[in-house]
Amino acid sequence: MAASRRRLWIVAGVVLVAALVVILLAPPNASEARDLGLLSVYSLTRMFAAYGIALVFAIAYGTTAATNKKAATVLLPLLDVLQSIPILGFFPAVLLFFVTSFNGSALGLELSVVVLVFTSMAWNMAFGVYEALTTIPHDLEDAAAEFGLTGWLRFRRLMFPASVHKLVYNSILSWTNGWFFLVASEVFAAYGTTYTRPGIGSFIARAGAAGDVGSIGLGLAALVVVVLVVDALVWRPLSGWADTFRIDVPRGETVRAPRPYERLRWIPRFPGMWHRVSARLRPVVHAYDRASIRLERTYARHPSVPKNLRRVDLVLFLVVFVLVVGAGLVGLAGLLRSPPPDATQIPNAALSSFARLVVAYVVAIAWTLPAAAYVGRSARASRVLTPVLEVFASIPATALLPLIVGFSLAVTSNGGIGVQLASVLIALFSMQWYLLFNLIGGVRAIPGDLTEAARSFGLRGWTYWRRVLLPAVVPSFLTGSITAWGAGWNALIVSEYLPFGGTVHEVTGLGALLNHATFVSSDPKLLLLTIFMMIVVVLAMNKLLWHPLAKRASVRYRVEVG
Amino acid sequence: MTARQPILEVKDVSRSYFENGKEFKALERVRFDLHDQDFVCIVGPSGCGKSTLLRIIVGLDRPTTGEVLYQGRLIEARNPQVAMVFQSFALFPWLTVEQNVELGLEARHVPPPVRAEKAKKYIDAVGLTGFENAFPRELSGGMKQRVGLARALATDPVLLCMDEPFSSLDALTARSLRDEILELWHDPDLPPRAVLMVTHLIEEAVYLADRVLVISGKPGRLVAELEIDLPRPRNRREPEFYGWVDDIYSLIV
């Protein structure tokens with residue numbers, strides 16, 4: 001297994017290098033509307049490079065956490081933290097690190113983009129693999145053991161297939177996250193210099209800075225097309241393929257089992273496309289299988305080899321881990337002993353950010369709940385509106401930034417209020433879709449006989465909402481809320497510090513503070529303290545609010561089907 | 001009886017679990033032998049440890065005390081000459097019928113053409129010809145269990161272990177599959193040489209087995225070992241049949 005993982009990493013490395021070569025060859029001055037096709041290719045290459053590495057990382061991390069108890073004691077809590085902290089908190093720091101260490105060269109910029117997109121994709125995928133592997137039915141594990149599946153064959157026949165379904169579905173979410181970060185990271189300003197890499201994100205940002213509404217629209221349209229084409233050619237067929245890997249929980253026959261909400265149902269699934277692809281790849285996979293099994297047999301003859309390799313892996317990992325954690329703790333202790341003068345702003349900033357997110361969250365609930373109830377219950381509305389909503393949702397909030405800021409500044413007479421409005425709107429656009437689609441899913445999952453029973457007792461209007469609809473959607477509402485808040489925290493960094501039309505508009509908040517500490521005052525102490533504050537607030541909210549609520553809801557409001 | 005070496009010797013097997021420092025006994029000093037051409041059913045109420053016993057025999061679990069000998073040798077790990085059929089079928093949903101049947105052979109590095117030939121033979125034997133490329137989710141419960149059976153037989157087991165193989169099926173399907181099992185069992189060209197089956201249905205045990213082991217109590221103890229000498233095919237409506245069922249019932253209660 002360790003050997004297979006090592007070879008996966010080699011594959012990922014090759015992918016990354018190839019992708020970097022492609023984007024580094026990009027002409028830096030491709031920025032006209034007629035270059036949009038080319039710009040899309042650059043942006044997509046970055047996405048796929050980051051995704052390839054995230055995929056390998058997720059499989060390696062997830063399988064290790066699920067199979068190696070010793071490693072899991074470290075890997076699991078670490079993943080829990082990485083998954084819930086707003087990665088964008090590191091955004092300015094990562095950008096700055098790569099830019100300065102590569103002297104502002106294209107390679108440094110590209111690496112920083114890929115790394116940032118990777119961090120937005122990897123954790124939730126790794127967790128998906130871990131979750132899938134730990135929920136394999138015992139009988140299936142017994143059967144695998146009983147028929148003698150070990151090593152590579154066990155990975156290929158049991159563990160990998162068992163994680164495909166979850167992995168693909170989490171990948172779709174990661175991919176959406178990736179677009180958000182990609183658009184934000186293709187252009188940024190530090191110390192008076194603007195760094196740009198050619199891509200759709202930078203095209204839109206440039207058009208926004210120039211106030212060229214036509215180009216903004218063109219860029220957004222190109223972005224939507226690219227997002228949808230990838231969805232249609234990759235994710236839809238892939239999720240159809242992934243369904244063959246679903247482990248069905250046996251259950252009784254149900255009458256009128258509701259047809260669940262399925263993302264992008266209106267896009268053709270190209271049935272069998274990935275089956276055909278995987279059939280084409282079969283000779284390659286088989287050759288790989290054979291080589292792996294041969295390698296394993298060689299190891300079996302020299303039993304000390306894999307053991308020593310594993311020991312090397314573990315020691316390396318532990319050394320890195322101890323160094324990182326140790327450095328972090330020492331640094332933090334030093335910071336707390338002599339806090340920078342600006343540190344007094346942190347509590348106030350945290351409060352302002354939180355208040356803005358609450359406003360956005362409340363507005364999001366106010367419109368998504370009735371909308372979901374309507375779309376979820378009417379087949380016709382669902383057929384017409386779902387595609388429209390999904391197209392809107394496919395635009396990352398970061399790409400809407402120029403439009404939102406322009407709009408907010410135009411409709412308000414007072415500039416300060418305008419920036420506040422823009423900030424809340426960006427947070428709203430980052431949060432609302434997660435709520436909406438989770439709620440639609442929740443409404444659609446209400447079993448038909450429950451609805452009919454309610455109708456036969458004459459429940460209508462508010463009574464129906466109070467007794468049937470609202471309780472039934474509580475679990476999906478909470479899932480949506482958790483994801484939405486995660487996205488909201490991430491949005492802070494772009495929503496509170498808005499370079500627009502030559503000037504930077506900002507509001508009080510953690511995101512603005514982070515940007516300031518990195519790009520303006522270059523105060524690493526303040527930067528670290530702010531990130532620390534952000535992590536504490538988010539973790540506290542997850543552990544003290546969302547997790548207990550979700551746990552209670554899963555008992556109290558679960559709708560049993562069958 | 002004494003000259004022949006048994007296929008399986010279960011010697012004073014006990015199994016305990018430890019939870020929060022407290023010992024929970026699942027099985028206590030179970031002892032029996034299994035010989036060539038034996039079809040043995042283990043009967044007992046749910047929670048008496050009969051599935052645990054089967055897992056120990058297959059090598060998926062270890063006894064706390066006591067030992068299990070297979071053809072005179074101690075079972076310490078998975079035994080390739082023993083195959084298992086699961087109550088929940090335990091088919092791999094991402095593999096076709098044929099790939100599922102080939103699984104045990106693949107693990108033994110049997111070359112693909114031999115694998116395919118063997119899989120075909122057993123898929124035909126269980127009456128699934130034409131379903132080689134179907135996925136388990138496309139099959140009915142009875143057909144799924146046939147795949148489970150073919151998968152087990154394809155490894156040429158000396159001993160076939162079945163853990164409540166018919167309990168997830170509806171009564172009618174279970175009934176016809178029982179007869180098919182007996183047919184396969186009486187076919188001299190097919191493995192295995194002995195069958196050990198766990199069930200909680202007394203009638204099923206009396207219908208199928210040459211010998212019934214009754215396990216009861218907490219922890220599970222072997223309370224009786226009965227030779228069912230009824231002629232085959234057995235008739236469930238005969239008074240002798242019911243005599244056996246009643247006897248076993250009174251032993252358990």
Side-chain angles (χ1 to χ4, degrees), chain A residues 132 135-168 240-253 272 274-275 278-279 282-283 285-287 289-298 300, chain B residues 51 54-55 57-61 77-96 99-112 133-141 144 147-148 151-155 157 159-164 167-170:
Chain A
T135 51
I136 297 178
H138 286 300
D139 272 2
L140 220 51
E141 287 194 324
D142 275 358
E146 213 279 316
F147 286 101
L149 296 189
T150 52
W152 174 251
L153 210 54
R154 185 177 147 82
F155 176 74
R156 277 270 295 127
R157 285 286 183 240
L158 178 71
M159 295 170 65
F160 178 69
S163 43
V164 163
H165 188 250
K166 254 238 125 94
L167 189 57
V168 167
W241 179 72
D243 279 347
T244 42
F245 294 90
R246 214 176 49 222
I247 297 176
D248 282 324
V249 183
R251 60 172 191 208
E253 292 162 51
W274 280 94
H275 286 286
S278 70
R282 203 158 287 154
V285 173
H286 279 190
D289 275 355
R290 274 197 298 278
S292 303
I293 289 166
R294 212 172 304 134
L295 199 69
E296 242 163 43
R297 282 200 223 158
T298 319
Chain B
S51 290
L54 206 61
R55 286 175 54 93
I57 289 168
V58 172
L60 289 172
D61 198 356
R78 194 191 71 83
N79 183 345
Q81 299 190 342
V82 181
M84 176 102 159
V85 171
F86 294 82
Q87 176 178 0
S88 65
F89 321 131
L91 300 180
F92 291 72
W94 41 80
L95 300 182
T96 62
Q99 288 172 318
N100 264 294
V101 174
E102 285 184 14
L103 199 68
L105 302 171
E106 197 180 359
R108 288 178 200 178
H109 312 301
V110 175
N133 294 317
F135 284 96
R137 75 180 80 251
E138 297 157 12
L139 305 179
S140 69
K144 282 182 194 161
V147 179
R151 180 173 67 177
L153 293 178
T155 60
L159 171 63
L160 178 68
C161 289
M162 299 197 276
D163 186 6
E164 306 253 9
S167 297
S168 304
L169 305 174
D170 65 82

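By convention in this document, chain letters (A, B, ...) are assigned in the order of the sequence lines, proteins followed by strands, and residues within each chain are numbered from 1. Atom set for the values below is all heavy atoms of this structure, side chains included, hydrogens, waters and symmetry mates excluded.
- Options B/Asp163, B/Leu95, B/Leu105 differ in how many heavy-atom pairs under 4.5 Å they form with chain A, and the most are formed by B/Leu95.
- The nearest pair of heavy atoms linking A/Ala143 to B/Phe92 is CB-CE1, 4.4 Å.
- Both the backbone and the side chain of A/Pro161 have a heavy atom closer than 4.5 Å to some heavy atom of chain B.
- With a 4.5 Å cut-off on non-hydrogen atoms, A/Leu149 touches chain B through its backbone and its side chain both.
- For B/Arg151, the parts lying under 4.5 angstrom from a heavy atom of chain A are both the backbone and the side chain.
- With a 4.5 angstrom heavy-atom cutoff, B/Leu103 touches chain A via backbone and side-chain atoms both.
- To the nearest 0.5 angstrom, B/Glu138 atom CD is 10.0 Å from A/Thr244 atom OG1.
- Only the side chain of B/Phe86 comes within contact range of chain A, judged by heavy atoms closer than 4.5 Å.
- A distance-only check finds no donor-acceptor pair linking the side chain of B/Trp94 to the backbone of A/Leu158 [under 3.5 Å].
- For the residue pair B/Val82 and A/Glu146, the shortest heavy atom distance occurs at O-OE2, 2.9 Å.
- Residues B/Pro93 and A/Leu140 have side chains in contact (heavy-atom distance under 4.5 Å, counting atoms from C-beta outward).
- A/Arg157 places no side-chain N or O within donor-acceptor distance of the main-chain N or O of B/Ala107, the cut-off being under 3.5 Å.
- Dense packing is recorded around NE2 of B/His109, with more than 12 heavy atoms of other residues, nucleotides or ligands lying under 6.0 Å away.
- Looking only at heavy-atom pairs under 4.5 Å with chain B, the residue among A/Val164, A/Asp139, A/Leu153 that has the most is A/Asp139.
- Proximity to chain A (any heavy atom under 4.5 Å) is restricted, for B/Leu91, to the backbone atoms N, CA, C and O.
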